[in-house]
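Taking it in order: structure first as structure tokens, then the write-up.
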Amino acid sequence: MRRILPLLLGLLVLAGCSTSKDAVSNGQQEFTFVAPDGQTTIMYDPPASRGVVPELSGESLLHDGRTVGLQDHAGQVVVLNIWGSWCGPCRAEAPDLEFVAQQTKDAGVAMLGIDVRDDRDAARDFVRDRNLTYDSIFDQPGRVLAALSGYPRNVVPSTIVLDRQHRVAAVYLTQIRPSDLLSTVQRIAAEEPAPSTPGS
């Protein structure tokens, strides 16, 4: 029995690893976040090495009864920003995110927030006070963010840049610097567009 138990535990560990590594979505490898050994900015290149994220969506922060998510931005580069009105660095970086959104929207770039652990009224006031033009998923319990395999839910703010196939191209585990984010988003937006599929 003592010999069998370690063997069974080993098989369970292998099974857990295979589900994350071999998971596919739309014929592509699913994104699994791996701890970056202290790095706060991670780039995923070349594009073929990137993992696709699940179809993230949830309740709109700004529009009662509406669902918002990646399905609204097919074929676009998407900047996902995880924030909360209670977060000091989030307050500091919000104008920079709006600046990047305005500078890149004509290039097919969309900004989408994920508002976590927040009060809805406080979050709406946060958006109005800063004249933010983009919507957010209201994710008070953190369920939407939990769909990103391995992604740290306690790192707020953080920002994920998705390419046009909604694969993870860059991750910022800290408050963004607008010049850095702008250059990254412009570079990703200039990449070859996603190939069209028959019948699309």
Side-chain angles (χ1 to χ4, degrees), residues 16 19-21 23-26 28-44 50-74 76-94 96-98 100-101 109-124 126-127 130 132 134-163 165-176 181 184-185 188:
T19 53
S20 62
K21 288 183 179 178
V24 293
S25 176
N26 298 324
Q28 300 181 73
Q29 181 175 329
E30 184 176 296
F31 172 72
T32 299
F33 184 80
V34 177
D37 294 326
Q39 296 179 72
T40 56
T41 300
I42 309 112
M43 299 293 170
Y44 296 87
R50 298 170 185 166
V52 70
V53 296
E55 192 59 50
L56 302 177
S57 65
E59 185 181 356
S60 166
L61 171 66
L62 301 179
H63 306 284
D64 292 337
R66 184 183 300 179
T67 297
V68 294
L70 293 181
Q71 73 277 0
D72 301 315
H73 306 294
Q76 291 183 294
V77 172
V78 179
V79 180
L80 292 171
N81 178 250
I82 295 94
W83 66 280
S85 65
W86 45 267
C87 159
C90 300
R91 293 192 287 271
E93 76 172 3
D96 296 331
L97 290 164
E98 179 64 26
V100 172
V109 177
M111 190 80 62
L112 180 64
I114 301 178
D115 177 35
V116 296
R117 305 198 302 274
D118 216 343
D119 172 81
R120 182 186 287 276
D121 290 336
R124 285 176 167 173
F126 178 100
V127 170
R130 290 159 183 80
L132 303 182
Y134 56 89
D135 203 353
S136 291
I137 298 170
F138 182 64
D139 190 26
Q140 200 276 338
R143 293 192 188 99
V144 174
L145 198 54
L148 293 173
S149 180
Y151 197 80
R153 293 200 278 170
N154 60 334
V155 180
V156 181
S158 63
T159 301
I160 305 169
V161 183
L162 307 180
D163 65 18
Q165 297 182 53
H166 294 174
R167 300 172 301 183
V168 176
V171 170
Y172 295 86
L173 296 171
T174 185
Q175 180 180 335
I176 61 103
L181 181 61
T184 296
V185 169
I188 294 166

Next item on the list: Output yes when a side-chain donor or acceptor of H73 lies under 3.5 Å from a complementary backbone atom of H166, and no otherwise.
Entry: no

Next item on the list: Measure the spacing between OG of S158 and CD1 of I176 and express it to the nearest 0.5 Å.
Entry: 12.0 Å

Check: Of all heavy-atom pairs between V156 and C90, which one has the smallest distance, and what is that distance?
Finding: CG1-SG, 3.8 Å

Next item on the list: Check whether any side-chain heavy atom of I42 sits under 4.5 Å from a side-chain heavy atom of L173, and report yes or no.
Entry: yes

Next item on the list: Apply side chain to side chain contact (heavy atoms under 4.5 Å, CB included) to A147 and list each qualifying residue two or more places apart in sequence or on a separate chain.
Entry: P54, L56

Notebook entry, point to check: Rounded to the nearest 0.5 Å, what separation is found between the OG atom of S136 and the CD1 atom of I114?
Noted result: 8.5 Å

Check: Considering all heavy atoms of both residues, which atom of V171 and which atom of Y44 are nearest to each other, and what is their separation?
Finding: CG2-CE1, 3.8 Å

Notebook entry, point to check: Are the side chains of L132 and L97 in touch, meaning some heavy atoms are under 4.5 Å apart?
Noted result: no

Notebook entry, point to check: Is any side-chain heavy atom of I137 closer than 4.5 Å to a side-chain heavy atom of L145?
Noted result: no

Checklist line | Separation of R153 CZ from D139 CG (nearest 0.5 Å) | finding: 8.5 Å

Check: For the atom pair CD1 (I82) and OG1 (T159), what is the distance rounded to the nearest 0.5 Å?
Finding: 6.5 Å

Checklist line | ring-ring contact (aromatic ring centres under 6.0 Å, His included) partners for F33, two or more places apart | finding: Y151

Note to self: For E93, is there any backbone N or O sitting under 3.5 Å from a side-chain donor or acceptor partner on W83?
What the structure shows: no

Using a 3.5 Å cut-off and no angle test, enumerate the donor-acceptor pairs between side-chain atoms of residues 60-69 and protein atoms at least two apart in sequence or in another chain.
{"unit_1": "S60", "atom_1": "OG", "unit_2": "L62", "atom_2": "N", "d": "3.2"}
{"unit_1": "S60", "atom_1": "OG", "unit_2": "H63", "atom_2": "N", "d": "2.9"}
{"unit_1": "S60", "atom_1": "OG", "unit_2": "D135", "atom_2": "OD1", "d": "3.4"}
{"unit_1": "S60", "atom_1": "OG", "unit_2": "D135", "atom_2": "OD2", "d": "2.6"}
{"unit_1": "D64", "atom_1": "OD1", "unit_2": "R124", "atom_2": "NH2", "d": "2.4"}

Checklist line | Partner residues of Q140 under the side chain to side chain donor-acceptor pair (under 3.5 Å) criterion, sequence neighbours left out | finding: none

Item checked: Pairwise side-chain contact, V53 with I160, heavy-atom cut-off 4.5 Å (strictly under) -> no

Notebook entry, point to check: Which pair of non-hydrogen atoms, one from G84 and one from D115, has the smallest distance, and what is that distance?
Noted result: CA-OD1, 3.6 Å

Item checked: Minimum heavy-atom distance between A92 and Q175, given as atom pair plus value -> CB-NE2, 3.6 Å

Item checked: D118 side, atom CG; C87 side, atom SG - distance, nearest 0.5 Å -> 9.5 Å

Notebook entry, point to check: With sequence neighbours excluded, what pairs up with R130 under the salt bridge (Lys or Arg N to Asp or Glu O under 4.0 Å) test?
Noted result: none

Notebook entry, point to check: What pairs with Y172 under side chain to side chain donor-acceptor pair (under 3.5 Å), at least two apart in sequence or on another chain?
Noted result: T184

Checklist line | salt bridge (charged side-chain N to carboxylate O under 4.0 Å, His left out) contacts touching residues 140-151 (sequence neighbours left out) | finding: none

Margin query: Under the rule for ring-ring contact (aromatic ring centres under 6.0 Å, His included), what residues qualify as partners of Y134, not counting sequence neighbours?
Written below: none

Notebook entry, point to check: Which residues satisfy the salt bridge (Lys or Arg N to Asp or Glu O under 4.0 Å) test with D163, sequence neighbours excluded?
Noted result: R50, R167

Note to self: So, using side chain to side chain donor-acceptor pair (under 3.5 Å) as the criterion, who are the partners of R91 when residues are at least two apart?
What the structure shows: none

Notebook entry, point to check: L162 versus L70: any side-chain heavy-atom pair under 4.5 Å?
Noted result: yes

Item checked: Check: E55 side chain, Q71 main-chain N or O, donor-acceptor pair, under 3.5 Å -> yes

Next item on the list: With sequence neighbours excluded, tell me which residues meet salt bridge (Lys or Arg N to Asp or Glu O under 4.0 Å) with D121.
Entry: none

Note to self: Could you work out, with side chain to side chain donor-acceptor pair (under 3.5 Å) as the rule, every residue matching E59, not counting sequence neighbours?
What the structure shows: R120

